[in-house]
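Any value given below was found using the heavy atoms of this structure, including those in side chains, with hydrogens, waters and symmetry copies removed. Letters A, B, ... are given to chains in the order of the sequence lines, protein chains preceding strands, and every chain is numbered from 1. In this text, all values refer to a predicted model and were calculated from it rather than measured experimentally.
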Protein chains: 2
Amino acid sequence: MAAGNDTSGPSPDQRLSIGEVAQRAGRRASSIRYYESIGVLPQPERIAGQRRYGPDVLRQLAVIDAAQRGGLSLEQIRDLFTASRTGTPVGDQLRALAERQLPELDALIARAETSRHWLRAASTCQCLTLDDCPLVAPDVPWHCS
Amino acid sequence: MAAGNDTSGPSPDQRLSIGEVAQRAGRRASSIRYYESIGVLPQPERIAGQRRYGPDVLRQLAVIDAAQRGGLSLEQIRDLFTASRTGTPVGDQLRALAERQLPELDALIARAETSRHWLRAASTCQCLTLDDCPLVAPDVPWHCS
DNA sequence: GTCCACCCTCGAGGCGACTTGAAGTCAAGG
DNA sequence: CCTTGACTTCAAGTCGCCTCGAGGGTGGAC
């Protein structure tokens with residue numbers, strides 16, 4: 001048992017091990033290393049070869065979560081961070097990203113809603129074979145029974 | 001040019017080559033072979049080693065499309081076809097599938113709508129750095145500028 | 001006979017976001 | 001000293017859904 005590596009309870013200082021970060025952020029340590037490897041997270045300070053993070057990293061991970069939920073790829077998120085670090089106004093980047101993503105996202109939602117419609121119809125289906133079933137017929141309004 | 005293999009114009013008989021099927025279904029021949037390889041499509045008759053399809057296959061492909069749009073995986077679709085062929089009422093299968101898929105789909109749509117919200121807010125963002133930006137703050141209602 | 005379009009099989013590759021495994025390092029507790 | 005447990009690196013594997021390429025075959029038109 002190593003005190004400095006303990007994943008439970010707060011460390012004496014603010015420096016977090018990767019295990020602590022992972023636990024608090026609800027991710028695996030491997031994904032944090034992965035983010036670092038592709039440049040989404042910056043390389044943290046190291047003590048005896050081991051990563052030590054300030055509390056900032058939790059916010060950065062939350063940003064990543066938020067942006068992923070916004071449909072951005074890790075590559076886009078990396079660019080966002082890079083821009084932020086180099087002083088490019090983040091707003092401009094975000095606007096550009098949003099303009100690219102929104103139509104895609106709208107299309108995704110539209111498809112998903114069509115799917116939901118289909119599945120709802122499917123859940124009332126009484127058909128015996130696929131051949132009879134209007135659900136799977138092209139260009140036929142869906143309703144079954 | 002080979003008459004029997006011609007992809008343009010209808011064949012003299014109803015038997016379609018894989019190329020014709022692909023063209024009419026708007027898919028690549030490779031995906032049709034793939035469906036066959038994983039059991040989603042049955043093995044068609046062969047003439048001189050080449051697949052010949054009846055017109056039914058177009059409907060089957062349309063079913064696959066519809067079911068994929070409904071969020072079913074190819075494995076689930078295969079099971080559906082299998083059930084249909086073996087006489088299990090398709091309705092039961094579909095209901096079971098729908099019950100499994102609908103909550104997932106609802107969650108997907110909810111996430112996507114949250115994302116859309118986020119992106120819409122992002123498109124009006126004026127922030128200079130990520131650190132200031134309320135968009136990326138956890139648990140803060142999104143609005144920017 | 002030659003050419004060409006189309007077909008065949010089989011294995012590999014590619015996407016995105018990770019996860020897993022092997023082999024090794026480090027610091028503290030007993 | 002030895003064990004323990006978290007950490008390290010790097011390569012490879014996973015998932016679903018295909019796509020592509022190599023190498024070879026078939027059959028009709030000229």
*Asks:* Got a sec: does the CD of A:Glu45 have more than 12 other heavy atoms crowding it under 6.0 Å?
*Replies:*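 More than 12 within 6.0 Å, yes.
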*Asks:* Quick check: on DNA chain C, is the nucleotide nearest B:Glu36 upstream (toward 5') of the one nearest A:Glu75, or the reverse? Name the residue that is more 5'.
*Replies:*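 Taking each residue's closest nucleotide, the earlier one in sequence belongs to B:Glu36.
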*Asks:* Taking atom P of D:dG16 as reference, at what distance in whole Å does atom CD1 of B:Ile38 sit?
*Replies:*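 After rounding, the reported distance stands at 10 Å.
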*Asks:* Could you give the CD-to-C1' distance, from A:Gln76 to C:dG16, as a whole number of Å?
*Replies:*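 For the pair A:Gln76 CD and C:dG16 C1', the rounded distance is 12 Å.
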*Asks:* By nearest atom, which of the nucleotides C:dA17, D:dT8, C:dT9 is closest to the A:Ile18 side chain?
*Replies:*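 Taking heavy atoms from C-beta onward, the closest nucleotide is D:dT8.
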*Asks:* For A:Arg51 and B:Gln68, take the nucleotide of DNA chain D holding the closest heavy atom to each; which residue's nucleotide lies nearer the 5' end?
*Replies:*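 Nearer the 5' end of the strand: A:Arg51.
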*Asks:* Return the value, rounded to whole Å, for the distance between atom CZ of B:Arg27 and atom C1' of D:dT19.
*Replies:*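 In whole Å, D:dT19 C1' and B:Arg27 CZ are 13 Å from each other.
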*Asks:* Check every atom of D:dC17, D:dC18, D:dC7 against the side chain of B:Ser73 and return the nucleotide holding the closest atom.
*Replies:*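 The closest nucleotide is D:dC17.
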*Asks:* With a 4.0 Å cut-off, would you call A:Asp56 and A:Arg59 a salt bridge?
*Replies:*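 No, this pair does not count.
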*Asks:* Please report, rounded to the nearest Å, how far the P atom of D:dT9 is from the OH atom of A:Tyr34.
*Replies:*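 The answer, rounded to whole Å, is 16 Å.
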*Asks:* If I take atom CG in residue A:Leu74 and atom C1' in nucleotide C:dT19, what distance separates them, rounded to the nearest angstrom?
*Replies:*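 In whole Å, C:dT19 C1' and A:Leu74 CG are 14 Å from each other.
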*Asks:* For B:Ala48 and B:Leu72, find the nucleotide of DNA chain D closest to each by heavy atoms; which residue's nucleotide sits nearer the 5' end?
*Replies:*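 Looking at the nearest nucleotide for each, B:Leu72 comes out on the 5' side.
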*Asks:* Do the side chains of B:Glu99 and A:Arg120 get close enough for a salt bridge, i.e. N-O under 4.0 angstrom?
*Replies:*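 The answer is no: the pair does not qualify as a salt bridge.
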*Asks:* Give a yes or no on whether the backbone of B:Cys125 and the side-chain of A:Arg95 come within a donor-acceptor separation of less than 3.5 Å.
*Replies:*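 Yes, A:Arg95 side chain to B:Cys125 backbone: donor-acceptor pair under 3.5 Å.
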*Asks:* Select one nucleotide: of D:dT19, C:dT20, C:dC18, the one nearest the side-chain heavy atoms of A:Ser30.
*Replies:*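 Selected nucleotide: C:dT20.
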*Asks:* Rounded to the Å, how far apart are B:Ile47 CD1 and C:dC6 C1'?
*Replies:*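 Nearest whole value for this atom pair: 15 Å.
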*Asks:* If only side-chain N and O atoms count, and only distance matters, is there a donor-acceptor pair under 3.5 Å linking B:Tyr35 with B:Arg27?
*Replies:*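 Side-chain D/A pair, B:Arg27 to B:Tyr35: present.
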*Asks:* Could you check which of C:dT9, C:dA17, D:dC7 has an atom nearest any side-chain atom of A:Arg33?
*Replies:*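 The nucleotide sitting nearest to the side chain is D:dC7.
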*Asks:* Given C:dC18, is OP1 or OP2 found less than 4.0 Å from the side-chain N or O atoms of A:Tyr35?
*Replies:*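 So the side-chain polar atoms of A:Tyr35 do come within 4.0 Å of the phosphate oxygens OP1 or OP2 of C:dC18, strictly under.
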*Asks:* Can you find a side-chain donor-acceptor pair between B:Gln50 and B:Arg52 that sits under 3.5 Å?
*Replies:*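 Indeed, the side chains of B:Gln50 and B:Arg52 share at least one donor-acceptor pair under 3.5 Å.
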*Asks:* Classify the side-chain pair B:Gln101/B:Gln76 by whether it contains a donor and acceptor separated by less than 3.5 Å.
*Replies:*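 Yes.
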*Asks:* With respect to the phosphate group of C:dC6, does any side-chain polar atom (N or O) of B:Ser17 fall under 4.0 Å of OP1 or OP2?
*Replies:*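 For B:Ser17, the contact criterion (side-chain N or O under 4.0 Å from OP1 or OP2 of C:dC6) is not met.
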*Asks:* As an exercise, state the distance from CZ of B:Arg51 to CG of B:Leu16, rounded to the nearest 0.5 Å.
*Replies:*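 With rounding to 0.5 Å, CZ (B:Arg51) is 14.0 Å from CG (B:Leu16).
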*Asks:* State, to the nearest 10°, the angle formed by the axis through the first five base pairs of the helix from C:dG1-D:dC30 to C:dG30-D:dC1 and the axis through its last five.
*Replies:*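 The value is 30°.
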*Asks:* Heavy atoms from C-beta onward define the side chain here; which of C:dT9, D:dT19, D:dT8 lies closest to that of B:Arg28?
*Replies:*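 Looking only at side-chain atoms, B:Arg28 lies closest to D:dT19.
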*Asks:* Side chain of B:Gln50 only, heavy atoms from C-beta on: which candidate in D:dT19, C:dA27, C:dC7 is closest?
*Replies:*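 It is C:dC7.
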*Asks:* How many whole angstroms separate atom CD of A:Gln43 from atom C1' of D:dT9?
*Replies:*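 That distance rounds to 13 Å.
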*Asks:* On DNA chain C, check which nucleotide each of A:Ile32 and B:Arg46 is closest to and give me the residue with the more 5' one.
*Replies:*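 Result: B:Arg46.
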